[in-house]
Amino acid sequence: MLQVANVTKKFNSAGSDVTAVSDISFSVETGDFASIIGKSGSGKSTLLSLLGGLDQPSNGSIEIDGKDIARLGDHALIDYRCKRIGFVFQNYNLIPNLSALENVMLPMEFAGTSKRSRRVRASELLNQVGITDEKQSRKPGRLSGGEQQRVSIARALANNPSLILADEPTGNLDTHASANVRQILHDLTRQLGTTVIAVTHDVTFANAADRRIGIVDGQIDPEWQM
Ligand SMILES: Nc1ncnc2c1ncn2[C@@H]1O[C@H](COP(=O)(O)OP(=O)(O)O)[C@@H](O)[C@H]1O
Ligand SMILES: [Mg+2]
């Protein structure tokens, strides 16, 4: 269970305060697939970085299974990001000079998994997202956008996280690849019991979720709430 209570994030840019997230509260049940929908600049990416412990809120608490991540020390936070969270980005963020397989193995190296287990697990995950053995040895530049995003989903799942945070995961894909990535993310996380919070502009994507959280000007938008 993820519980966000009265979270606010202010930035100071060029001497003036910008409130990117303003007093947001919501909760997501373990294993649920939640979508966050809102216009550009509404505070979605800021909220995701707070949930992922990439940034700290100015106010409020973010509890995951009863533990407030806004109050974790540096080491605990690094450990939390590495072992409990998987990130999926709009631009895939794969490492260009590593193969698909090596990209998926990397987070397991940070987590201290043995090389042999890393290779076996990475290959299994890639098969689960539909990346064949031949494609696993390719570098990201030789894969399509949809394939790269499927590799990044496999990478996000590598350390068996309890929460996946996805920022516009289908934002750069055509309709067909988009539907495919959405389906794989949905089915695989459901099968594994992983909680997902996905930011999206895409109404089809948002409507396929168990929960829908709307954001407007850094605040919850009751019109989109589901
Ligand atoms: N590091 C930052 N410094 C200053 N302002 C920021 C920073 N990050 C985001 N903002 C501002 O916060 C608001 C929300 O941004 P963002 O979370 O990226 O929105 P979204 O992802 O919904 O497009 C915007 O006005 C943006 O300019
Ligand atoms: Mg954004």
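Values reported hereafter were calculated over all heavy atoms of this structure, with side chains retained and with hydrogens, waters and symmetry mates removed. Order of listing sets the numbers, starting from 1, for every ligand and every atom in it.
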Examine distances only and state if a side-chain atom of Thr113 and a backbone atom of Met108 form a donor-acceptor pair shorter than 3.5 Å.
-> yes

Determine the sole option in Val151, Leu143, Ile131 for which the side-chain contact (heavy atoms from CB on, under 4.5 Å) test with Gln136 is passed.
-> Ile131

Does ligand 1 have any N/O atom under 3.5 Å from a protein N/O, and what are those pairs and their distances?
from	atom 1	to	atom 2	distance (Å)
ligand 1	17 (O)	Thr46	N	2.9
ligand 1	17 (O)	Thr46	OG1	2.5
ligand 1	19 (O)	Gly43	N	3.2
ligand 1	21 (O)	Ser45	N	2.9
ligand 1	21 (O)	Ser45	OG	2.9
ligand 1	22 (O)	Ser42	N	3.2
ligand 1	22 (O)	Ser42	OG	3.4
ligand 1	22 (O)	Gly43	N	3.0
ligand 1	22 (O)	Lys44	N	2.9
ligand 1	22 (O)	Lys44	NZ	2.8
ligand 1	23 (O)	Gly41	N	2.6

Should Asp221 and Lys39 count as an ion pair when the cut-off is N to O under 4.0 Å?
-> no

So, Asp32 side chain and Ala34 main chain: donor-acceptor pair closer than 3.5 Å or not?
-> no

In terms of side-chain geometry, is the basic nitrogen of Lys9 or Asp23 positioned less than 4.0 Å from the acidic oxygen of its partner?
-> no

Flag, side chain of Asp79 to backbone of His75, donor-acceptor distance under 3.5 Å = no

Decide, counting backbone as well as side-chain atoms, whether Ser45 has an N, O or S atom less than 2.8 Å from the Mg ion (ligand 2).
-> yes

